Amino acid sequence: MELGIEGKIGVITAASKGLGKAAAESLAKEGVKLAICSRNESRIKQTAKEISEKYKTKVLPLVCDVRSKDDIEKLKEDVIKEFGTVHILFTNAGGPPSGKALDFTPEDYEEAIKLNLLSTINLIYAFLPHMREQKWGRIIASTSISVKQPIPTIALSNVSRVGIIAFIKSLIQEISRDNITANIVAPGYIMTDRVMELLKDREKKEGKSFDELLKELAKNTPLNRIGKPEEFGALVAFLSSELAGYINGETILIDGGMYKGLF
Ligand code: NAD
């Protein structure tokens with residue numbers, strides 16, 4: 001399948017590992033030139049080197065904490081200085097701490113909203129003008145299955161991500177005439193460091209072994225397995241493509257069938 005995005009410019013946040021890195025790899029494979037960021041300079045440089053050598057495409061490593069508006073402004077300046085524009089924006093951030101609803105203070109909720117919801121809005125505000133100017137853009141906001149089916153043990157995540165859907169649904173009413181689409185991806189369990197950390201956390205709290213918990217997690221899906229990062233990356237690449245031009249404002253689950261609702 002010809003995705004038609006070779007030579008386009010993509011920005012991927014929180015990309016030194018996990019889902020962000022998987023999205024970056026899938027786009028690099030299609031010949032997209034990338035700017036990738038995370039908070040740690042040496043780690044993001046290492047990831048950029050790895051991806052650019054593997055896929056023979058330009059990958060610019062940048063340092064950005066997506067909670068900081070100043071960092072996002074600097075990220076935009078560096079991307080525009082290097083590439084002149086941006087076509088594809090994949091918004092992603094770290095996950096807030098796990099725990100049940102009343103395990104946290106109201107301030108913890110504020111922090112989580114800053115990390116997940118406000119970072120997404122700030123990133124879109126930063127890069128959207130360039131997409132509008134060139135009349136082509138793809139925005140993909142990463143969230144979680146928790147936006148459709150809240151998970152009691154990750155209350156901060158449940159709360160801090162759902163507003164992203166409302167924002168994107170509102171946004172497309174204003175930007176789509178400029179040939180820009182915006183969609184949301186909502187992963188179930190994809191095997192990354194984040195999932196390993198959540199399991200290790202539960203290992204201590206629940207007194208079960210890591211393998212036991214992993215099997216339990218897999219059983220939540222009809223496929224009886226956890227997703228692979230490259231399966232997630234492939235979805236992001238397709239949504240970024242020319243061919244996906246009529247998919248707009250959708251929340252697309254990638255969860256192996258874990259979500260139990262009808263719609
Ligand atoms: P991960 O821990 O493997 O990777 C997280 C990446 O985000 C790293 O590169 C890290 O450096 C970067 N990062 C963290 N905080 C940042 C910040 N403030 N600014 C910039 N970069 C930052 O995690 P992952 O599994 O790739 O998860 C990514 C996001 O997706 C998280 O929010 C996570 O909660 C969510 N999520 C993951 C899954 C899954 O199954 N992996 C499922 C649903 C939702």
Side-chain angles (χ1 to χ4, degrees), residues 11-26 34-48 50-51 59 61-72 74-75 90-99 111-120 122-123 126 140-151 153-162 164-165 184-202 213-214 217-218 220-221 223 225-233 235-236 251-256 258-259:
V11 174
I12 315 270
T13 62
S16 66
K17 58 182 182 165
L19 301 181
K21 184 181 177 196
E25 285 207 53
S26 293
L34 294 171
I36 63 171
C37 78
S38 72
R39 291 163 301 174
N40 181 289
E41 187 171 10
S42 64
R43 278 205 288 268
I44 200 69
K45 276 188 170 163
Q46 178 55 38
T47 302
E50 199 188 302
I51 298 175
V59 184
L62 295 168
V63 174
C64 173
D65 183 333
V66 295
R67 291 171 296 187
S68 157
K69 265 184 167 179
D70 289 345
D71 278 16
I72 290 179
K74 176 83 173 55
L75 173 76
F90 175 78
T91 66
N92 183 35
S98 59
E111 277 305 307
I113 287 168
K114 201 168 163 190
L115 175 65
N116 294 125
L117 173 61
L118 295 179
S119 67
T120 306
N122 288 331
L123 284 161
I140 297 110
S142 199
T143 61
S144 162
I145 186 176
S146 66
V147 297
K148 293 205 83 168
Q149 182 170 280
I151 301 169
T153 51
I154 51 166
L156 292 179
S157 173
N158 297 338
V159 171
S160 65
R161 297 182 198 276
V162 76
I164 295 172
I165 318 261
I184 300 110
V185 286
Y189 291 111
I190 312 286
M191 191 37 90
T192 64
D193 287 0
R194 160 85 174 163
V195 170
M196 307 260 274
E197 277 159 26
L198 286 175
L199 288 179
K200 279 185 194 143
D201 201 35
R202 284 182 56 198
L213 289 166
L214 191 61
L217 212 59
N220 282 324
T221 72
L223 286 171
R225 70 172 176 86
I226 310 289
K228 300 175 195 161
E230 60 269 29
E231 292 171 324
F232 179 84
L235 172 63
V236 175
T251 300
I252 299 168
L253 284 163
I254 171 156
D255 69 343
M258 182 177 154
Y259 173 66

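Bear in mind that the values here come from a model prediction, so they are computed numbers and not experimental data. Both counts, for ligands and for their atoms, begin at 1 and track the order of listing.
- With a 6.0 Å radius and a threshold of 12 heavy atoms from other residues, nucleotides or ligands, Glu230 has its CD atom above the threshold.
- What you find for Leu115 and Gly94 is that their closest heavy atoms are CD2-O, 3.3 Å.
- Remark: the backbone N or O of Val63 is not paired with any side-chain donor or acceptor of Ser38 at under 3.5 angstrom.
- Lys114 NZ: 12 or fewer foreign heavy atoms inside a 6.0 Å radius.
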Show me a pair-per-line table, with atom names and distances to 0.1 Å, of protein N or O atoms that are under 3.5 Å from an N or O of ligand 1.
from, atom 1, to, atom 2, distance (Å)
ligand 1, 9 (O), Ser16, N, 3.1
ligand 1, 9 (O), Ser16, OG, 2.6
ligand 1, 9 (O), Lys17, N, 3.3
ligand 1, 11 (O), Ser16, OG, 3.4
ligand 1, 15 (N), Arg39, NH2, 3.4
ligand 1, 15 (N), Gly94, N, 3.4
ligand 1, 18 (N), Asp65, OD1, 2.9
ligand 1, 19 (N), Val66, N, 3.0
ligand 1, 25 (O), Thr192, OG1, 2.4
ligand 1, 26 (O), Leu19, N, 2.7
ligand 1, 32 (O), Ala93, O, 2.8
ligand 1, 32 (O), Gly94, O, 3.1
ligand 1, 32 (O), Gly95, N, 3.2
ligand 1, 32 (O), Arg161, NH1, 3.4
ligand 1, 32 (O), Arg161, NH2, 3.0
ligand 1, 34 (O), Arg161, NH2, 2.7
ligand 1, 34 (O), Arg194, NE, 2.9
ligand 1, 34 (O), Arg194, NH2, 3.4
ligand 1, 40 (O), Gly188, O, 3.1
ligand 1, 40 (O), Ile190, N, 2.7
ligand 1, 40 (O), Ile190, O, 3.2
ligand 1, 41 (N), Ile190, O, 3.1
ligand 1, 41 (N), Thr192, OG1, 3.1

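- The environment of Arg194 atom CZ is dense: over 12 non-hydrogen atoms of other residues, nucleotides or ligands sit within 6.0 angstrom.
- Summarising the geometry of Asn116 relative to Arg161, their closest heavy-atom pair is ND2-NH1, 3.5 Å, with the distance given to 0.1 Å.
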